[in-house]
Amino acid sequence: MTRTEEFEELRPLLFSIAYRILGSVSEAEDAVQETWLRYELARARPASARAFLSAVVTRVSIDVLRSARLRREEYVGPWFPEPLLTDPYEDPEQSAELADSLSMAALLLLERLSPLERAVFVLREVFAFGFPEIASAVGRSEAACRQLAVRARRHMDAGRPRFEADRKEREELAERFFDALREGNVDGLRELLAADVSLVGDGGGKAPQWARGFFGVGQVSQMLAALFPPFFRIGGVVEPHQVNGQPGALFRDRDGKVLNTWTLDILGGQIQAIRTVSNPDKLGHLGPVADAWAVLRETQRVRPDPE
């Protein structure tokens, strides 16, 4: 097998590692490309391409994350990970860990960890790497990596949300939610939303966003019922889709361009949180991006005047 063939076979794993460390599709793709360049320039073939490439992509991702954190401190409004529709890496033995670590909620929890803690947690808890491999990847002793793993696991367990395990039930609830949204059905929305539901958006200052968000079933249901029927009247489309392994949707304008993504956190048969990403910089990998400001202006023009 050539180096190129080895690399292409491992590319899905490398991307999945990088994405979980970085929370960014574009940065993960860049980290994978940098890993290939380093592999191509390496004089000797490593004994294990998987171990070598995983270590390189981890080190590259840690460096990128350290610089990205400075930019995120200056980010306008809430920061959410770039939405991912499909994880390219599959492993039946780690399927639960892979799915759990992909959710928006889990990725936001990972943001609380130091770059080293995050990398160690991802390699150990998600991809089941051994501590000798992890130590080589992050440049620390095995004992230090074990301590990092314990600290990271403690932080993650303390804040980890518990979502419904039954995917079919979650998808059915999401379908009912988006149907009620199209109809502007306040009662239908209220029935599906938890009492303390939150609706928060990431626009990055480059797209309309909902200030600090909406909180509570009354506020959220009234806002959704008022805003979205006009959106659908001007040709807007909601396309239900798994987003980061969760029930969600892509919203598109009448021309099919991507407006934003939504993910739904579901627990106890109710929606606990809705997270939207409309920053155009985070949507380009999903296809052509809509002019969200123009869509909002048109939506507002067709809204009925309050009585």
Side-chain angles (χ1 to χ4, degrees), residues 9-25 27-29 31-32 50 54 57-58 61 65 80-113 117-130 134 149 152-178 194 200 202 239-250 261-277 282 285-286:
E9 184 176 279
L10 290 165
R11 181 188 288 272
L13 170 64
L14 303 179
F15 173 85
S16 293
I17 291 172
Y19 177 75
R20 286 165 173 82
I21 293 175
L22 293 166
S24 165
V25 172
E27 289 174 350
E29 289 174 342
V32 172
R50 181 179 186 272
S54 298
V57 82
T58 297
S61 297
L65 181 60
F80 291 157
E82 287 185 16
L84 184 66
L85 300 189
T86 305
D87 186 1
Y89 179 71
E90 296 180 359
D91 183 345
E93 294 186 4
Q94 272 99 39
S95 59
E97 292 81 0
L98 288 168
D100 184 55
S101 64
L102 198 63
S103 73
M104 284 279 181
L107 290 170
L108 288 171
L109 278 177
L110 283 169
E111 283 290 304
R112 302 179 186 179
L113 306 182
E117 287 173 339
R118 185 166 182 165
V120 169
F121 181 88
V122 167
L123 292 177
R124 180 63 181 172
E125 300 296 326
V126 181
F127 295 96
F129 278 76
I134 296 171
R153 193 182 305 117
R154 186 184 305 126
H155 286 307
M156 292 296 289
D157 287 345
R160 190 188 302 275
R162 304 297 178 187
F163 300 135
E164 300 289 358
D166 191 312
R167 172 170 290 188
K168 183 179 179 181
E169 289 183 10
R170 291 189 303 163
E171 291 177 349
E172 288 176 351
L173 190 148
E175 183 178 358
R176 290 166 56 202
F177 170 77
F178 289 119
V200 182
D202 172 351
E239 184 180 296
H241 206 292
Q242 289 282 312
V243 181
N244 286 79
Q246 298 172 261
L250 276 72
T261 64
W262 289 34
T263 56
L264 310 179
D265 290 356
I266 296 174
L267 177 65
Q270 290 184 310
I271 296 168
Q272 307 290 328
I274 304 169
R275 296 185 180 90
T276 76
V277 176
K282 296 185 177 185
H285 61 285
L286 302 177

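All values derive from a computational prediction rather than experimental measurement.
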To the nearest 0.5 Å, tell me how far [X] [atom1] sits from [Y] [atom2].
| X | Y | atom1 | atom2 | result |
| --- | --- | --- | --- | --- |
| Thr261 | Glu239 | OG1 | CD | 12.0 Å |
| Phe177 | Gln270 | CZ | CD | 12.5 Å |
| Arg170 | Leu264 | CZ | CG | 10.0 Å |
| Arg11 | Glu29 | CZ | CD | 9.0 Å |
| Leu22 | Leu110 | CG | CG | 11.0 Å |
| Leu65 | Thr58 | CG | OG1 | 12.0 Å |

[Y] side chain reached by [X] side chain, heavy atoms, under 4.5 Å:
| X | Y | answer |
| --- | --- | --- |
| Leu109 | His155 | no |
| Ile266 | Glu169 | no |
| Met156 | Glu125 | no |
| Arg124 | Ile134 | yes |
| Ile17 | Ser54 | yes |

Would you mind checking if Asp202 and Lys282 are paired as a salt bridge, meaning a charged N to carboxylate O distance below 4.0 Å?
yes
Are Arg112 and Glu117 close enough for a salt bridge, meaning some N to O gap below 4.0 Å?
no
Atom CD of residue position Glu90 - does it have more than 12 heavy atoms of other residues, nucleotides or ligands inside 6.0 Å?
no
I'd like to know whether CD of Glu175 has more than 12 heavy-atom contacts from other residues, nucleotides or ligands below 6.0 angstrom.
no
Please confirm whether the backbone N or O of [Y] pairs with a side-chain atom of [X], one donor and one acceptor, at under 3.5 Å?
| X | Y | value |
| --- | --- | --- |
| His285 | Leu84 | no |
| Ser16 | Leu13 | no |
| Tyr19 | Glu82 | yes |
| Asn244 | Gln246 | no |
| Arg275 | Thr263 | no |
| Ser95 | Asp91 | no |

For [X] against [Y], the heavy-atom pair lying closest together:
| X | Y | value |
| --- | --- | --- |
| Val57 | Ala18 | CG2-CB, 4.1 Å |
| Gly245 | Leu102 | N-CD2, 4.0 Å |
| Pro88 | Phe15 | CG-CD2, 3.6 Å |
| Val126 | Leu98 | CG1-CD2, 3.8 Å |
| Leu108 | Pro81 | CD2-CD, 4.0 Å |
| Val277 | Pro83 | CG1-CD, 3.9 Å |

Applying side-chain contact (heavy atoms from CB on, under 4.5 Å) to Val200 and Thr276, what does each step give before you reach the verdict?
CA-CA 6 Å; Val200 182; Thr276 76; over 6 Å; no
Phe129 vs Phe127 aromatic rings, parallel, tilted or perpendicular, using cut-offs 30° and 60°?
perpendicular
Kindly indicate whether a cation-pi arrangement holds for Arg20 with Phe121, taking the cut-offs as under 6.0 Å to the six-membered ring centre and within 45° of the axis.
no
